[in-house]
Amino acid sequence: MRQRYEGGPRRERASFKHLGHLKKLYPYLRRYGLVFGLGIFGLLIIRPLLFLIPGFVGTALDSVTIADLTPDIVWPTIGILGIVVLQFLIYIPARRVLRRIAISVTYDLRKRIFKNIQFQGLKFFNQYGTGDLMSRAINDVSQVRMCVSFAFVEIVTFLFTVSTGLAFMFLNSPRLAVIAILPFPIVVLLGYRMARSLFPYFVARQEAMAKVNSFTQENLNGIRTIQAMAQEEFEIKRFHEVSTSYTKAAYRAARFMTMMHTALNTASSLSPLIIFGYGGYLFLNDIMTLGDLTKFFGYALLVTGTLARVGWAVSMFISAAAATERIFEIVDHEPEITEVQADENVLAIEPKITIRDLSYAYNDSSTNVLKNINMQVDPGQTVAILGTLGSGKSTVLRAVLRLIDTPIETVYLGNHDVCTLPLRRLREEVVLVPQSTFLFSTSIQENVAYDDLSRQENFVWEALRIAGIKNTVSEFEQDLETVVGERGVTLSGGQKQRLALARGVIRDANVLLLDDVFSSVDTKHEEEILSELKKIRFNKTTILVSHRVSTVRHTDHIYVLDDGSVIEHGTHDDLLAKRGFYADLEAVQTNQDADRTRRERLIQQLNRTTLQERKAS
C-alpha cells in the first residue's frame with residue numbers, strides 16, 4: 001500500500017515569498033475590517049477569562065489542603081461556572097461573525113473569478129480548461145475560506161494566549177516558568193521547518209484535483225460519443241488513473257500534515273513533563289503549594305495546547321497560499337481583447353463592413369490563418385464567405401465581432417475601426433450565430449430570448465418562424481416552455497441549429513453573422529430560411545459562412561477563401577464563368593451530367609492531394 005504513494009512533489013519549498021500570495025486577500029478582508037476586528041476582539045476577551053479557571057481550581061485546592069485556610073469550594077465553583085457562561089455568550093456570536101465574513105470573502109472571490117472569465121478570449125480558454133477553472137472557483141476558494149475563518153483567528157489567539165499565559169506563569173512561579181518554556185523554541189523551530197515543506201504538497205494536491213474535475217467535465221460532455229463507441233470501460237480506466245494520481249497527492253499532503261502535527265504535539269508535551277518533574281520537586285520541598293502547582297499546570301496546558309494547534313493553523317495558511325496563487329492567476333489575467341481609446345459617444349453606426357489587408361495568426365504562431373484579406377460589405381447586402389475546412393472563414397467573422405485581437409486599421413464597422421468601439425456597443429450592433437451550437441439547460445423561450453427575457457411571446461414565435469422551426473416547437477407538448485436539457489440534448493442537430501439561428505434573428509441587429517449554421521439543415525429548409533432572412537433584412541447586412549455552394553448561390557456577393565487568402569470574389573454567375581475554384585467546387589457538389597467527367601477529374605485530383613498530405617505528415 002505504501003509503495004503506491006511514494007514520491008512527493010519535487011518543488012521549491014515554501015517561503016515568505018509564497019505566503020506573500022495571501023496579501024492579495026487584504027482588499028477582500030478590508031471591506032469587512034470593523035466587523036472582523038470585533039469578532040477577533042470577542043475571541044481575545046475569552047483568553048484571559050480562561051486563565052482565571054486554573055486560579056479558581058488552585059484556590060479551592062489550597063483551601064482544603066492547608067490547615068490554616070477555611071475550606072472554600074462554592075465560590076470557585078460559581079466563578080468557573082460564570083466564566084463558562086460568559087465564554088459561551090461571547091464565543092458563539094464572535095465565531096458566527098467570523099464565519100459569515102469568511103463566506104462573504106469567498107463569495108466576493110468567486111464573483112471576481114467569474115466576472116474576469118467572462119471577458120477572456122480564445123488564448124485564455126486554450127490555456128485553462130473548464131474543469132480546472134471550476135476547481136479554482138470551488139476547491140481553491142474553499143481553502144481560502146478555511147484560512148479566513150480559522151487560521152487568521154488561530155494565529156492571533158496564539159500570540160495573545162502565549163503572551164498572557166507566560167505572564168501568568170511567571171507571576172505564579174518564575175523558577176518553574178523558566179524551566180517550563182525551554183521546549184518552546186524547539187516547537188517553534190520544528191513547526192517552521194516542517195511548515196516550509198508543506199507548500200509543494202498542497203500545490204500538487206490542488207492541481208491533481210483540477211485534473212480530476214477537468215476529466216470528469218470533459219467525459220460527461222462527451223458521454224454520447226463514449227456510449228456510441230462502447231468506450232465506457234476505457235473511460236472508467238482513465239478515470240481510475242486520474243483519481244489515483246489525486247489520491248496519491250492528497251495522501252502525501254495528509255501524511256506530511258499528520259507527521260507535522262504529531263511532531264509538534266510531542267515537542268509540546270515536553271513542557272508538562274518538566275512541570276510534573278520539577279514542579280513536583282518544588283511541592284515536595286514546600287516551595288510551592290498544591291494549589292499553586294495546579295494553577296501553573298493549568299496555565300501551561302493552555303499555552304502548550306495553543307502551540308500544538310498553531311501547526312494546524314500554519315498548514316491552513318500554506319494551503320490557502322497555494323490556493324490564492326491559483327485563484328489570482330485567473331483574477332489577475334488580463335483579457336486578450338481590450339478597448340483601445342474607445343469612443344463612448346458613438347451614435348448611429350452604418351451597417352457596413354470593411355476589411356483592409358487583414359492578416360492574423362493564432363497564439364503567436366508563425367503561420368497566418370488570414371493573409372491580407374480585403375472585403376467590402378455594403379448596407380443591405382447579403383454576402384457569403386465560402387471555402388474548404390480550415391480556410392479561415394470563421395476567423396473572419398471573429399475579427400468582425402472582435403472575438404480575436406485584430407490589428408488596428410484593418411476591420412471597420414461603418415466608418416469606425418472596431419478596435420476603437422466599446423466592445424458592448426460593437427456586440428450590440430453585430431450578432432454572431434456560431435458554428436458550434438450551444439443551448440442552455442432551460443426552456444425554448446429563454447434560449448431564444450436570451451439577451452432580453454422580458455420579450456413578448458409573439459416576437460419569439462416570429463423568430464422561430466423565420467428560423468424554420470415554429471411548426472416543430474408548436475408540436476411540443478409544452479411548446480415554448482419545453483426544456484431542451486443540457487446543451488440541447490433532447491433536440492436533433494438541425495433543431496438546435498435553427499433555435500440558435502432564432503436567438504440571433506430575434507435581436508434584429510444591423511449586422512448578422514451566420515457561421516455555417518445550415519450544416520445540419522436540409523436543403524429545403526435552408527432555401528426557406530434564406531428567403532425569409534432576405535425579406536426581413538433588406539436594409540441590414542448579413543454575412544453568411546458556408547462550405548456549400550447551395551447555401552451561398554443566391555447571395556449578393558461571394559468571397560472564396562483558400563488557405564487564408566481571398567482567391568476569388570463575385571456573384572454566383574461571375575464565379576462560374578471564371579471556371580476557377582468556385583466552379584470546381586460547384587461541379588463536385590452538384591453531380592450534374594454535363595459536368596460528370598470534370599467532376600470525376602476533380603475528385604481524383606482531390607484524392608491525390610490528400611494522399612500527398614498524408615505522406616508528408
Side-chain angles (χ1 to χ4, degrees), residues 16 19-54 79-113 137-168 191 195 202 257 261 264 298-299 301-325 327-328 331:
F16 289 110
L19 291 177
H21 293 299
L22 295 173
K23 292 190 300 184
K24 297 178 180 179
L25 299 177
Y26 174 70
Y28 298 88
L29 286 171
R30 185 176 57 189
R31 69 186 61 177
Y32 309 105
L34 179 60
V35 181
F36 188 73
L38 290 174
I40 294 288
F41 180 71
L43 293 180
L44 293 182
I45 290 176
I46 297 172
R47 309 314 290 183
L49 295 177
L50 293 178
F51 281 98
L52 295 178
I53 293 178
I80 293 173
L81 180 61
I83 290 172
V84 171
V85 172
L86 188 59
Q87 178 189 9
F88 176 82
L89 294 176
I90 296 174
Y91 181 84
I92 297 299
R95 174 51 69 186
R96 182 179 178 183
V97 163
L98 292 173
R99 290 195 178 189
R100 286 180 66 88
I101 290 173
I103 292 171
S104 298
V105 168
T106 55
Y107 172 71
D108 294 338
L109 275 175
R110 286 196 176 105
K111 284 199 301 182
R112 277 291 304 277
I113 292 171
I138 298 173
N139 301 319
D140 291 333
V141 171
S142 295
Q143 295 298 322
V144 172
R145 179 180 61 81
M146 293 293 293
C147 177
V148 173
S149 183
F150 296 103
F152 278 114
V153 176
E154 200 65 48
I155 292 297
V156 173
T157 54
F158 160 74
L159 296 173
F160 189 78
T161 301
V162 169
S163 57
T164 305
L166 290 177
F168 273 92
F202 284 125
M257 285 175 59
H261 295 161
L264 291 177
Y299 302 149
L301 284 180
L302 288 171
V303 173
T304 55
T306 304
L307 280 173
R309 287 200 308 274
V310 78
W312 172 71
V314 169
S315 67
M316 281 199 295
F317 262 111
I318 294 172
S319 177
T324 302
E325 181 182 26
I327 289 169
F328 280 88
V331 171

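Here the structure is a predicted model, which is why all the values come from computation and not from measurement. For this chain, numbers begin at 1 and follow the sequence in order.
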Show the nearest heavy-atom pair for residues [X] and [Y], with the distance to one decimal.
X: Leu49; Y: Leu86; result: CD1-CD2, 3.6 Å
X: Ser149; Y: Ala102; result: CB-CB, 3.6 Å
X: Ala323; Y: Asp140; result: CB-O, 3.3 Å
X: Phe51; Y: Tyr299; result: O-CE2, 3.2 Å
X: Val148; Y: Phe36; result: O-CE1, 4.2 Å
X: Ala320; Y: Cys147; result: CB-CB, 3.3 Å

Using a 4.5 Å cut-off on heavy atoms from C-beta on, say whether the side chain of [Y] contacts that of [X].
X: Ile53; Y: Leu302; answer: no
X: Gln87; Y: Leu50; answer: yes
X: Phe168; Y: Pro48; answer: no

Just jot down the side chain to side chain contact (heavy atoms under 4.5 Å, CB included) partners of [X], sequence neighbours excluded, or say none.
X: Ile92; result: Phe88
X: Ser104; result: Tyr32
X: Val331; result: Tyr28, Arg112, Ile113, Ile327, Phe328
X: Leu89; result: Val85

Separation of [Y] [atom2] from [X] [atom1] (nearest 0.5 Å):
X: Ile83; Y: Leu52; atom1: CD1; atom2: CG; result: 4.5 Å
X: Phe150; Y: Leu98; atom1: CZ; atom2: CG; result: 9.5 Å
X: Lys111; Y: Thr106; atom1: NZ; atom2: OG1; result: 11.0 Å
X: Lys23; Y: Thr324; atom1: NZ; atom2: OG1; result: 12.5 Å

Listed by chain and number, what are the side-chain hydrogen bond (donor to acceptor under 3.5 Å, both in side chains) partners of Arg145, not counting sequence neighbours?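 Partners of Arg145 by the side-chain hydrogen bond (donor to acceptor under 3.5 Å, both in side chains) criterion come out as none, since no residue qualifies.
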
Is there any salt bridge (Lys or Arg N to Asp or Glu O under 4.0 Å) pair reaching into [range], and which pairs are they, with sequence neighbours excluded?
range: residues 79-103; result: none
range: residues 25-35; result: Arg31-Asp108
range: residues 38-47; result: none

Would Leu109 and Leu25 count as a side-chain contact (heavy atoms from CB on, under 4.5 Å) here? Give the steps. CA-CA 9 Å; Leu109 275 175; Leu25 299 177; 4.0 Å; yes

Distance-only, no hydrogens or angles: does the Thr161 side chain make a donor-acceptor pair with backbone N or O of Phe158 under 3.5 Å?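 Side chain of Thr161 to backbone of Phe158: no pair is present.
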
